[in-house]
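Here is the structure we will look at, set down as structure tokens.
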Amino acid sequence: MAKKGNEAPGKGFSEQLLRWDREQNRRQMPWKGEKDPYKIWLSEIILQQTRVEHGVSYYNEFVRNFPDIKKLANASEEKIFKLWEGLGYYSRCRNLIATARSIALERNGVFPKTYEEIVTLKGVGPYTAAAISSFAFNLPYAVVDGNVFRVLARIFGIDTPTDSTEGKKYFAQLANELIDKKKAGAYNQAIMDFGAMICKPVPHCDQCVFNKSCYALLNKKINELPVKEKKISIKKRWFYYLLIEHNNQLAIRQRTAKDIWQQLYEFPMIENTQDLEQDGILARAEKQNWFIRGKYEVVTQSPVYKQQLSHQLIAGKFIHIRVKNKPAQADWQWVNETGLGKFAFPRVINQFLQKAREQSLF
DNA sequence: GACCCGTGGAG
DNA sequence: TCTCCAAGGGT
């Protein structure tokens, strides 16, 4: 099944990689060379499935606000989520908070020093545990991320799908054979830098130190490797947000369901599996006693704002409504425009708010 | 093992 | 416009 191509790992791989790192790698990042496991952990959580350029400013702000893990553990969830706002994958933020608090309370703020302990932390899997272990403590655990899949698949000609169980196991084993155990941190950093700078999705083979031996280059399979097998299906959802205004304040609520954007805030929202006319939206809102027929006015309705998620396409519409009587919904908070700034919202809402402010609708 | 979870840049 | 996917992990 799995064609392994150029099988012999080649003793020279890690030596060549580390030489490239010493002589040609100019990549700089705020956390590079960092030895504080807290900051390494923080950077790794932020960077999961996230481009370095996107994560850098978030990392700097987190370090500025929370220089050590106890500061983070003692901060309010509201504040931490506000700093995370816009990064996506908000379960990372929830796990970040849980882990910070458990280390602060149960370990007096001292970060664990073994791979086995580190990998048990919430939000820390094999990749992140290997990264922290090797960067902070120089322990010999090879990282396997998207860069490593790409580099190894191409150089050694491995077409086992990276998103299969067999593939994950095979790449992890190969990576742990290749790693220079005495320079684990440097090796792990080097292979990821190499994947990000040279062996990119569209690679710079002319600058590659492996271009005399790379399986993919020699066999014209650059665009075929690595292999991924699963395709995702996109579900479409319609979100009708109601900007319910009373006494210059708007109602917001926190999302608590096991769904996208859990723990972020939103305006009271009617969801539908297909497009819905304004009358239908208002009827459903009335049925939930959000406002009473005849006792409100519709101020405006926005155009459609679309947001593409990894598995869903959200179509959001915003209907501004002024009510005469203040609805009594237990899970609503009433905030003025300034107050909105304290809460973390999904992108689609922030895009609307930005546009609304530009047009001074508030 | 299959599916879910955000956002933005590149080509 | 559309597809891919990026320092993955949880359920």
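Just so it is clear: chains get the letters A, B, ... in the order the sequence lines come, proteins before strands, and each one is counted from 1. Only heavy atoms go into these numbers, but all of them, side chains included; no hydrogens, no water, no symmetry mates.
In this structure, A:Ile260 reaches the sugar-phosphate backbone alone: every heavy-atom distance under 4.0 Å involves primed, P, OP1 or OP2 atoms, never a base. Counting non-hydrogen atoms under 4.0 angstrom, A:Asn188 reaches nothing in the nucleic acid. A:Val148 comes within 4.0 angstrom of nothing in the nucleic acid, heavy atoms only. A:Gly195 comes within 4.0 angstrom of no nucleic acid atom, judged by non-hydrogen atoms across all strands. Within 4.0 Å (heavy atoms only), A:Glu85 reaches no atom of the nucleic acid at all.
Residue-to-nucleotide contacts include no donor-acceptor pair under 3.5 Å from the side chain of A:Arg150 to the base of C:dA7.
Candidate nucleotides C:dA7, C:dG9, B:dG6 were compared by shortest atom distance to the side chain of A:Pro126, and C:dG9 ranks first. When the nucleotides C:dA7, B:dC4, C:dG10 are ranked by their closest atom to the side chain of A:Asn95, C:dG10 comes out on top. Looking at the side chain of A:Asn147, the nearest of the listed nucleotides C:dA6, C:dA7, B:dG11 is C:dA7. Picking from C:dA7, C:dA6, B:dG6 the nucleotide with the shortest atom distance to the side chain of A:Pro201 gives C:dA6.
In the model, A:Tyr127 has a side-chain atom that pairs as donor or acceptor with a side-chain atom of A:Glu44 under 3.5 Å. Using modelled atom types and a 3.5 Å distance limit, the side chains of A:Arg150 and A:Asn147 yield a donor-acceptor pair. Between A:Asn336 and A:Asn248, the side chains place no donor N or O within less than 3.5 Å of an acceptor N or O (distance only, hydrogens not considered). A donor atom on one side chain and an acceptor atom on the other are found under 3.5 Å apart for A:Gln301 and A:Gln278. If you check the side chains of A:Tyr296 and A:Glu286, you find a donor sitting under 3.5 Å from an acceptor.
Note on A:Arg64 versus A:Glu61: salt bridge recorded, some NZ/NE/NH1/NH2 to OD/OE distance being below 4.0 Å. The pair A:Glu245-A:Lys326 does not count as a salt bridge, with every side-chain nitrogen at least 4.0 angstrom from each carboxylate oxygen.
Distance check on atom P: B:dC3 versus C:dA7 gives 25 Å, rounded to whole Å. If you take atom P in C:dG9 and the same atom in B:dG8, they sit 22 Å apart, rounded to whole Å.
Residue A:Thr128 has a polar side-chain atom (N or O) positioned under 4.0 Å from OP1 or OP2 of C:dG9. For A:Lys230 and B:dA2, the shortest distance from a side-chain N or O to OP1 or OP2 is below 4.0 Å. When the side-chain nitrogen and oxygen atoms of A:Arg92 are compared with OP1 and OP2 of C:dG8, none of them lie within a distance under 4.0 Å. A close approach under 4.0 Å does occur between a side-chain nitrogen or oxygen of A:Thr165 and OP1 or OP2 of B:dG1.
Two residues, A:Asp259 and A:Asp163, neighbour DNA chain B, and the one matched to the more 5' nucleotide by heavy-atom proximity is A:Asp163. Between A:Arg27 and A:Lys258, the residue anchored nearer the 5' end of DNA chain C, judged by the nucleotide with its closest heavy atom, is A:Arg27. Take the nearest nucleotide of DNA chain B for A:Lys231 and for A:Gln351: the residue whose nucleotide is more 5' is A:Lys231.
Applying the ring pair (Phe, Tyr, Trp, His ring centres under 6.0 Å) test to every pair with at least one member in residues 184-210 of chain A, sequence neighbours left out, gives these pairs: A:Phe13-A:Phe210, A:Trp20-A:Phe194, A:Phe194-A:Phe210.
Near DNA chain B, defined here as any heavy-atom distance below 4.0 Å, the residues from residues 35-61 of chain A are A:Gln49, A:Thr50, A:Arg51, A:His54, listed numerically.
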